Amino acid sequence: MIDPTVRAAERVELLAAETSEGAQELKRRADTRSDELGREVGAVLRVQGLNVDPDSVDYDRRDDETMIINMGPSHPSTHGVLRLMLELDGEFVLRTKPVIGYLHTGMEKTAEELSYVQGATNVTRMDYLSPVINELSYSMAVEKLLGIEVPERAVWIRMMMSELNRISSHLVWMATNGMDLGSTSMMIYGLRERELILAFFEKTAGLRMNLNYVRPGGVAADLPDGWQDDIQVICDTIYERSFEYDQLLTGQPIFRQRLIGVAPITAEEALALSLTGPLLRSTGVAWDLRRSMPYLAYDQVEFDVIVGTYGDNFDRYAIRLNEIRESVRIVRQCLDMMPSGDYRSQDPKVTPPPRARIGESMEALIHHFKLFTEGFHVPVGEVYSAVESPRGEIGCYIVSDGGPKPYRLHVRGPSFVNLQAVSLLMRGGSMSDTITVISTIDPVMGEVDR
Amino acid sequence: MTSLSPLAPPGVVTSDGLGADLLCFPTREQYFALVESFKNDGFEMCVDVTAVDYLEHFDRPLPDEVVATRFEVVTNLLSLSKKRRVRIRVQAGNEEPEVDSLFALYPGTEALEREVFDMYGIIFTNHPDLTRILMPEDWEGHPLRKDYGSGRVPIQFKEAPGPR
């Protein structure tokens with residue numbers, strides 16, 4: 001209800017006072033500290049001993065020549081509630097600062113109040129496009145603290161599911177990236193193919209997203225009957241269709257012009273900014289945790305680490321497209337090499353007993369009751385476990401004080417760190433390229449804000 | 001416990017962590033120089049900066065030489081060439097926790113250190129822009145501290161709206 005006694009000009013001020021984030025926002029040049037300004041224009045990185053070019057830092061530009069505008073937080077192309085503040089000189093972007101926190105729900109605080117059994121349901125909601133991989137990094141951290149081994153079959157199921165998840169996450173990326181660049185058909189195709197994988201997730205874990213499938217000690221359920229046929233169909237379909245995307249996008253002149261040579265980044269800059277995943281690999285650094293620091297059974301399967309050369313938008317596109325094919329390759333090997341046996345650890349302190357045992361065994365009943373009321377106790381210690389998510393290194397740092405709940409759980413989100421590249425990548429680019437840059441960084445805001 | 005690893009400079013307490021990570025326990029004064037020596041030694045990337053509030057656990061297991069404080073800043077370094085990780089746990093203080101910012105060495109720690117500041121109120125000296133990052137600018141308190149009760153504050157992110 002608008003109060004007619006308040007004048008329009010005052011309303012603007014009130015609105016600004018209510019929505020302002022104060023010091024977190026992009027400030028005028030005159031009000032910005034020189035090292036912060038240097039960071040925003042990328043000068044800090046250049047002074048770091050690389051190509052020092054004093055002319056590239058225009059400290060003296062007057063504020064009245066430029067304009068600061070907001071993009072987001074509710075903008076269809078920012079992939080969630082990301083707010084970018086841009087300093088524009090006409091059509092060109094001089095400085096950019098991401099303002100985040102609009103989706104912050106205190107998940108790390110919540111994790112301190114959930115038992116280790118419940119913890120997986122929490123972390124799976126962080127990066128909602130790659131739930132399996134979040135659970136994996138969490139479960140591996142807990143297992144390291146417990147010092148338990150998971151059975152061979154669980155390892156391979158985990159690997160297959162995380163590769164399927166990588167495919168589905170990259171497919172969403174292909175879809176939204178196509179949408180951002182005006183290819184609405186890609187949007188539909190990407191989501192159509194992802195549907196195959198989500199249907200398989202539903203068949204296996206009961207849910208399409210936020211599966212809570214990988215748990216400390218193994219996985220929640222064995223693969224469903226006839227899973228081989230499903231996987232075969234998924235692999236064949238997606239592999240074949242990845243070449244249709246090639247036809248649709250890769251050679252398309254408008255698409256190429258929007259991507260090639262836009263927003264390049266060097267390997268030194270990427271390392272200095274702690275970037276991981278396709279962003280780092282696009283600069284030619286062949287760093288993939290699956291290959292470099294193998295976990296699960298990645299040292300037993302064959303796949304290529306895709307690297308780029310120029311670090312531009314097109315490299316990042318090509319890497320993700322080819323990673324879909326490599327993941328299909330891994331899934332096919334999982335299909336052939338899937339061992340038989342238990343799908344979860346048989347340690348009764350960690351794994352709940354089978355439903356049928358509860359009715360006949362007092363011990364099983366007690367274990368079941370203890371697990372789901374109190375949870376299991378984890379030895380004192382702290383551990384960091386990292387795995388390769390579709391966006392980069394996702395790490396889980398857990399401190400245990402010996403109780404049934406983590407004393408501290410921290411998730412190193414790749415999107416959160418990769419988002420720092422925004423200022424550097426957008427500098428000097430045109431306004432229309434901001435969309436492609438956000439898109440190729442591929443942030444998932446659930447993980448950025450946690 | 002104080003095995004002097006060839007990786008760490010002398011004088012810094014180290015031990016082996018779970019999962020073959022090297023742990024270092026520098027003092028606040030040693031911290032920046034230690035990270036710098038690791039950087040010169042081929043640790044190209046600072047993967048993660050976080051902190052822990054050990055309000056209830058001053059008796060946690062630590063090497064004998066380390067004096068436990070309430071706040072601990074945990075920094076993860078990664079060497080791509082050596083394929084190794086190093087975890088640095090620096091005791092940051094009790095009442096007014098403060099450590100040096102790594103911004104001058106690894107610009108990528110900018111957002112991570114802001115997050116730690118936001119969540120724990122740990123000051124990073126020489127950080128270019130130490131503002132809140134996840135919480136609203138006018139938020140009171142630092143949510144991940146152990147004496148910050150969850151559910152203590154009713155969920156209302158700004159003052160009651162005025163007439164529009």
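Letters A, B, ... mirror the listed sequences (proteins, then strands); counts begin at 1. The structure presented is a predicted model; accordingly, all values stated were derived computationally and were not measured.
Heavy atoms of A/Q420 lying under 4.5 Å from chain B belong exclusively to its side chain. For chain A, no part of B/D118 is nearby; none of its heavy atoms comes within less than 4.5 Å. At a 4.5 Å heavy-atom cutoff, the contact between A/L289 and chain B is made by side-chain atoms alone. If you measure heavy-atom distances from A/L275 to chain B, the contacts under 4.5 Å come from the backbone alone. Residue contact with chain B, scored on non-hydrogen atoms closer than 4.5 Å, is absent for A/T110. Contact of A/E112 with chain B is made through the side chain alone, with heavy-atom distances under 4.5 Å. Within the 4.5 angstrom heavy-atom criterion, only side-chain atoms of A/E393, from C-beta onward, approach chain B. Contacts between A/V99 and chain B at a heavy-atom distance below 4.5 Å are absent for every atom of the residue.
In this structure, B/Y148 has its ring center at least 6.0 angstrom away from the ring center of B/H142. The aromatic ring centres of A/Y295 and A/Y298 sit less than 6.0 Å apart.
When the side chain to side chain donor-acceptor pair (under 3.5 Å) test is applied to A/E447, the partners found at least two apart in sequence or on another chain are A/S415.
Between B/L22 and B/R87 the shortest side-chain heavy-atom distance does not fall below 4.5 Å.
Counting heavy-atom pairs closer than 4.5 Å to chain A, the top residue among B/V49, B/T50, B/T131 is B/T50. Counting heavy-atom pairs under 4.5 Å between each of B/E44, B/E115, B/M119 and chain A puts B/E115 at the top.
With a 6.0 Å cutoff to the six-membered ring centre and a 45° limit on the axis angle, B/K146 does not count as a cation-pi contact of B/Y54.
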Would B/N76 and B/R85 satisfy side-chain hydrogen bond (donor to acceptor under 3.5 Å, both in side chains), going step by step from the backbone distance to the final call?
CA-CA 7 Å; B/N76 265 291; B/R85 287 180 194 280; 5.4 Å; no

